[in-house]
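All remarks here apply to the structure that follows.
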Amino acid sequence: MGGTARRHRPNMGDGVFLFANLEVTMSEKNGNVPYVESELYRIRHSAAHVMAEAVLSFFPEAKLAIGPPIEDGFYYDFDLGKDENGKSITFSPEDLENIEGKLKQLLKQNAKFEQSSMSVADAKEFFASEPYKLELIDELAAGKVDENGNPISEPVSQVGIYQHRDFVDLCRGPHVGFTKQVKANAVKILRSSGAYWRGDENRQQLQRIYGTAWHNRVELDDYLKRLEEAKKRDHRKLGKELDLFSTSPEVGGGLILWHPKGGLVRHLAEEFCKNEHLANGYDMVYSPHIGRSTLWKTSGHLTWYKDDMYSAIEIDEDEYFLKPMNCPFHIMIYKDKMHSYRDLPLRLAEWGTVYRYERSGVMHGLMRVRGFTQDDAHLFCRKDQMPEEIDRALNFCLHILRSFGMDKFHAYLSTRDEAKSAGDAERWGDATEALRAALDRAELDYDIDEGGAAFYGPKIDLKMIDALGREWQLSTIQFDFNLPERFEMTYIGQDGEAHQPYMIHRALLGSMERFMGVLIEHYAGAFPLWLAPVQVEMIPIADRHIPYAEEVAEALRAAGLRVEVDGGNERMNKKIRNAQLQKVPYMLVVGDKEVESGVVAVRTRDNEDRGNMSVADFKAHALKLLESKSLIL
RNA sequence: GCCACCCUAGCUCAAUUGGCAGAGCGACGCUUUCGUAAAGCGUAGGUUAAGGGUUCAAGUCCCUUGGGUGGCUCCA
């Protein structure tokens, strides 16, 4: 991901369910003005300043870095200096409590925010003891970036200053008029963390405090409640509760163990996707998990990607490497014979398991792991086929995602970085246009990540949002102008000459692990019927009803439904509760009445009592929902 | 990898200033055979993540390692 896409994304209209309330709030209060012009933005920006004032009251030696509003809140970065042992001073949980108390107290004292400006020279003198502010001033004066790190168009001669009480900060604003306009009971300090100055891990690590601020207490409570709700749909929590997957220190971090239920959901997802691939002109291939070093030398991975690869495996005095990608293998399949222009396009698909080194601090449930299975494919085609291939790939991708009920995502088009790109400009231009045209034809909104492409080709990425609002890339469609060159791939054209094919990498679900993580959170564990590991729970009221429950279960299983019979020694209420907690779509209660009239009492996990149905009617209903991959029961 | 915090029974959590390791759920056994979200009684279950240290005494304090959480950085 390139720098330009890492901008703040305060666009609340992204439609993730969790923030639905917020959208309403925002538009009501602000008439849909952009976030940076909203009152909430000023409130948060002001809260950041007053928080810094509070920090200085406890840590007078702290140096100020930056403190901008962000989505749902604000932060401020500080350098607290070193203690007598030369260790960086950090905030303790008690410090944060004290700072929050002081912040609230300072807000109530109602100081006025006064705006002014200074010449660059005056500002450098005024902030002489604030090294981070001095660096910011220098960069503003040099016309490089503003105080938030965003590029600016021309050098500035005057810098903005905001002051309340004795606290003076280099700042463009805007702020509220008086500190009291930030309600003390609508502000909360959330956490602290380390953060590198200028986002550069080679520079000083600062101490960041995150806080949140809202118009009033009710909004703050709503926000905190939303955070609580979000935690309930965290795939790591649900993965344990629903017995879907686990990891084990004995196996190693970032390596997933799929349990029977999670494995079944994954299998169902894969089965559907594989069949769709076969129906859409793809060929399924398989390749090994390791390959000789010569392969990775030719591909360039040992030059460019070595840091992400695991160390060599020695076999017969030769070095082999675990694959971080599938592409070299698919290229070898292509190269196993000569190709005529008539053979193209060729679409080689594989559920390929790859292993990549991830630094220990970045692993996250199923979302970021060290071993994962991509729904990978490589398209090889002629120039004249290329635009249609892109179109097909994108539409196929949207079809697959929508089949899983996913229709809210961010699309990005990443374009060429002139400084580092392989392949000629004309190919880049054609390819980028094909991607853009496909996005337009699919009527997708997308952001352009200027210069964000890999050195080997432009791409489209689709990112989904998890329960906590974090974005995760699933789909990618990317050109590769590098590998066909390195592997000297050719086909014989109509003119009898050898030509280089276009090569497109694409993954739709991305990786099965990450996709499952997103899927679990998307449905909060309540999978649609076609994906539910257990679709029907038979609930006999007393032991004498078990034979009938088994009989019904067999009839439903014969139709392909996944049915369990709860023959345990518990009361019906408890069995229902258990099935509810496991988010089983249908509970079929059978007692004397049902046995007598040969029906089942249908209850859904949505707490709906559907009354009695004949087994045949229930079966027909369920099969119809399965056929259409219905999201409702 | 960096910063902070966390790790007690299968799960969720208690345990006063350092002073006898506990509860609920789950599992198992017995009783109960029940009508739409938790029946009753009983039993088993622990080297308090691992290792080291301080102390008369460590779940609690200190150090090391491992794992996790939230950020930062990274994620062609």
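Spacing of C1' atoms, rC62(B) relative to rC2(B), comes out at 23 Å, to the nearest Å.
Here Arg544(A) lies in heavy-atom contact (under 4.0 Å) with sugar-phosphate atoms only. The residue Asn607(A) sits close to a base: some heavy atom pair falls under 4.0 Å. Across all strands, Arg191(A) comes closer than 4.0 Å only to sugar-phosphate atoms, never to a base (heavy-atom distances). Base engagement by Ala601(A) is indicated by at least one non-hydrogen atom pair under 4.0 Å involving a base atom.
Seen from the ring of Tyr75(A), Arg208(A) counts as a face-on cation partner, given the 6.0 Å and 45° thresholds.
Residue Arg359(A) places a side-chain atom within donor-acceptor reach of the base of rU73(B), judged by atom type and a 3.5 Å distance cut-off alone. Side chain Asp234(A) to base rU69(B): no donor-acceptor pair is found below 3.5 Å. Contact of Tyr196(A) with rG1(B) (side chain to base): a donor-acceptor pair of N or O atoms is detected under 3.5 Å.
Of the candidate nucleotides rU12(B), rC3(B), rU36(B), rU12(B) has the atom lying nearest to any side-chain atom of Lys240(A). Nearest nucleotide to the Val362(A) side chain, out of rG70(B), rU33(B), rU73(B): rU73(B). Considering only side-chain atoms of Tyr210(A), the nucleotide from rU33(B), rC72(B), rA4(B) that sits closest is rC72(B).
A straight line from CD1 of Ile539(A) to P of rA38(B) spans 12 Å, rounded to a whole angstrom.
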